[in-house]
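Report on the following structure.
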Amino acid sequence: MTGEILVVTGTGTGVGKTVVTAAVAALARARGRRVAVLKPAQTGVGAGEPGDVADVARLVPGITTCELARFPEPLAPATAARRAALPPVTPVEAADAARKLATDHDLVLVEGAGGLLVRFTDDGGTLADTAAALDAPVLVVATVELGTLNHTELTVEALRARDLICAGVVVGAWPATPHLAAMCNLTDLPAVTGVPLVGALPDGAGALPPGEFVAAARHGLGSALGGEWQTPGP
């Protein structure tokens with residue numbers, strides 16, 4: 001029996017994908033599930049430096065992490081691979097690696113680089129193609145800043161155009177003092193996308209020690225992801 005696979009993407013770079021991936025992993029691990037996190041392409045990190053999977057492993061001890069390729073320049077994976085004169089990671093290779101991990105894990109999380117349609121390869125291969133090859137649902141990480149409605153709706157629309165299932169939207173960094181746009185976007189994000197808002201992790205959660213992080217994950221993710229979060233009122 002193979003495990004569940006969930007693809008994690010974002011509406012752009014720096015929206016909190018890695019912390020959300022770690023939060024989902026932490027709650028699954030707390031329930032006794034065997035969890036693996038796959039990063040097909042890591043960019044902007046040199047040899048020997050900690051990348052996204054190292055951050056996840058620090059926050060969630062006891063899980064399996066896997067990085068398929070690393071390119072030093074902070075660019076889209078296809079561009080970074082080309083400039084480094086290294087072979088890119090193809091969507092098929094990413095899907096194959098996820099399937100292999102799923103043979104001995106209960107949950108495999110596949111974290112993309114940047115947004116859904118950022119290219120892995122120069123011929124147009126993207127994380128969306130990996131999700132399609134896996135027939136896996138996609139969790140979208142978004143911000144609550146101005147502009148997020150457009151970015152999030154475009155991402156969800158791209159998933160629908162490819163007949164991919166959106167597992168919901170998570171706010172990657174909920175501010176300690178929410179501003180007007182943030183509060184309005186709690187209501188507007190599900191309204192404009194047609195998919196549920198399934199969590200909002202507190203800003204700075206990625207700096208917490210593991211024990212505090214799993215508690216933050218439980219309070220910041222909704223029941224669909226194993227947590228207890230509920231959309232706060234206006």
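Hydrogens, waters and symmetry mates play no part in the numbers below; they use all other heavy atoms, side chains included.
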Review item, side-chain donor-acceptor pairs of residues 53-66, under 3.5 Å, at least two apart:
{"from": "Arg58", "atom 1": "NH1", "to": "Gly206", "atom 2": "O", "distance (Å)": "3.3"}
{"from": "Arg58", "atom 1": "NH2", "to": "Gly206", "atom 2": "O", "distance (Å)": "3.1"}
{"from": "Thr64", "atom 1": "OG1", "to": "His105", "atom 2": "NE2", "distance (Å)": "2.8"}

**Request:** Please round to the nearest 0.5 Å and tell me the distance separating atom OG1 of Thr187 and atom CE of Met183.
**Result:** 7.5 Å
**Asked** Would you say Asp129 and Phe120 make side-chain contact, with heavy atoms under 4.5 Å?
**Response** no
Show every donor-acceptor pair shorter than 3.5 Å between a side-chain atom in residues 131-145 and any protein atom, with sequence neighbours excluded, or say none if there are none.
{"from": "Thr143", "atom 1": "OG1", "to": "Glu145", "atom 2": "N", "distance (Å)": "3.2"}
{"from": "Glu145", "atom 1": "OE1", "to": "His179", "atom 2": "NE2", "distance (Å)": "3.2"}
{"from": "Glu145", "atom 1": "OE2", "to": "His179", "atom 2": "NE2", "distance (Å)": "3.4"}

**Message:** Any non-hydrogen side-chain atom of Thr11 less than 4.5 Å from a side-chain atom of Thr152?
**Reply:** yes
**Prompt:** Which pair of heavy atoms, one from Thr9 and one from Gly114, lies closest together, and at what distance?
**Reply:** OG1-O, 4.1 Å
**Request:** Would you check if Thr2 and Arg99 make a side-chain contact, meaning some heavy-atom pair closer than 4.5 Å?
**Result:** no
**Message:** With clusters defined by side-chain heavy atoms of hydrophobic residues (ILVMFWY) lying less than 4.5 Å apart, directly or transitively, does Leu107 cluster with Val110?
**Reply:** no
**Item:** Point-to-point distance, once rounded to the nearest 0.5 Å, from CG of Leu6 to OG1 of Thr21
**Value:** 8.0 Å
**Prompt:** Looking at Thr79 and Leu75, what are the two nearest heavy atoms and their distance?
**Reply:** CG2-CD1, 3.9 Å
**Message:** Any side-chain to backbone donor/acceptor pair from Glu212 onto Pro209? Under 3.5 Å, distance only.
**Reply:** no
**Request:** Of all the heavy-atom pairs spanning Thr121 and Pro91, show the shortest one and how long it is.
**Result:** CG2-CD, 4.4 Å
**Prompt:** When clusters are formed by joining ILVMFWY residues with side-chain heavy atoms under 4.5 Å apart, either directly or through shared neighbours, do Leu116 and Val156 land in the same one?
**Reply:** yes
Which pairs would a plain distance check flag for residues 81-88, meaning a side-chain donor or acceptor within less than 3.5 Å of a matching protein atom at least two apart in sequence or in another chain?
{"from": "Arg82", "atom 1": "NE", "to": "Asp122", "atom 2": "OD1", "distance (Å)": "3.4"}
{"from": "Arg82", "atom 1": "NE", "to": "Asp122", "atom 2": "OD2", "distance (Å)": "3.0"}
{"from": "Arg82", "atom 1": "NH2", "to": "Asp122", "atom 2": "OD1", "distance (Å)": "2.9"}
{"from": "Arg83", "atom 1": "NE", "to": "Glu73", "atom 2": "OE1", "distance (Å)": "2.5"}
{"from": "Arg83", "atom 1": "NE", "to": "Glu73", "atom 2": "OE2", "distance (Å)": "3.4"}
{"from": "Arg83", "atom 1": "NH2", "to": "Glu73", "atom 2": "OE2", "distance (Å)": "2.9"}

**Message:** When you compare the side chain of Leu38 with that of Leu68, does any pair of heavy atoms fall below 4.5 Å?
**Reply:** yes
**Message:** With a 4.0 Å cut-off on N to O distance, would you call Glu67 and Lys39 a salt bridge?
**Reply:** no
**Item:** Minimal non-hydrogen separation, Ala94 against Thr130, with atom names
**Value:** CB-OG1, 3.7 Å
**Fill in**
Closest non-hydrogen contact found for Ala25 with Val35 is CB-CG1, 3.8 Å
**Request:** Could you grab the distance from atom CG of Leu101 to atom CG of Asp96, nearest 0.5 Å is fine?
**Result:** 11.0 Å
**Request:** Could you tell me whether a side-chain N or O of Arg70 sits under 3.5 Å from a main-chain N or O of Gly46, the two making a donor and an acceptor?
**Result:** yes
**Message:** Counting C-beta onward and ignoring hydrogens, is there a side-chain heavy-atom pair between Thr43 and Pro77 closer than 4.5 Å?
**Reply:** yes
**Prompt:** Are the side chain of Asp106 and the backbone N or O of Gly3 linked by a donor-acceptor pair below 3.5 Å?
**Reply:** no
**Asked** Side chains of Val19 and Phe213: closer than 4.5 Å at any heavy-atom pair?
**Response** yes
**Prompt:** Does a side-chain heavy-atom distance below 4.5 Å link Val195 with Val169?
**Reply:** yes
**Request:** Provide the closest heavy-atom pair for Thr155 versus His151 in the form atom of the first, atom of the second, distance.
**Result:** OG1-O, 2.9 Å
**Request:** Determine whether Val20 and Val214 fall in the same hydrophobic cluster, where Ile, Leu, Val, Met, Phe, Trp and Tyr are linked whenever their side-chain heavy atoms lie under 4.5 Å apart.
**Result:** yes
**Request:** Say whether Trp229 and Leu201 are linked into one hydrophobic cluster, either directly or through other cluster members, by side-chain heavy-atom distances under 4.5 angstrom.
**Result:** no
**Asked** Do Val192 and Leu154 belong together in a cluster built from hydrophobic side chains that touch within less than 4.5 Å?
**Response** no
**Request:** Quick one: list whatever passes side chain to side chain donor-acceptor pair (under 3.5 Å) with Arg160, sequence neighbours left out.
**Result:** none
**Asked** Taking atom CG of Leu27 and atom CZ of Arg31, what is their separation to the nearest 0.5 Å?
**Response** 6.5 Å
**Spacing of CZ belonging to Arg162 relative to CD belonging to Glu157, to within rounding of 0.5 Å** = 10.0 Å
**Fill in**
Students should find that the hydrophobic cluster of Leu146, defined by side-chain heavy atoms under 4.5 Å apart, otherwise consists of none
**Asked** What pairs with Asp188 under side chain to side chain donor-acceptor pair (under 3.5 Å), at least two apart in sequence or on another chain?
**Response** none
**Prompt:** Looking at CG of Leu127 and CD of Glu111, how far apart are the two atoms once the value is rounded to the nearest 0.5 Å?
**Reply:** 9.5 Å
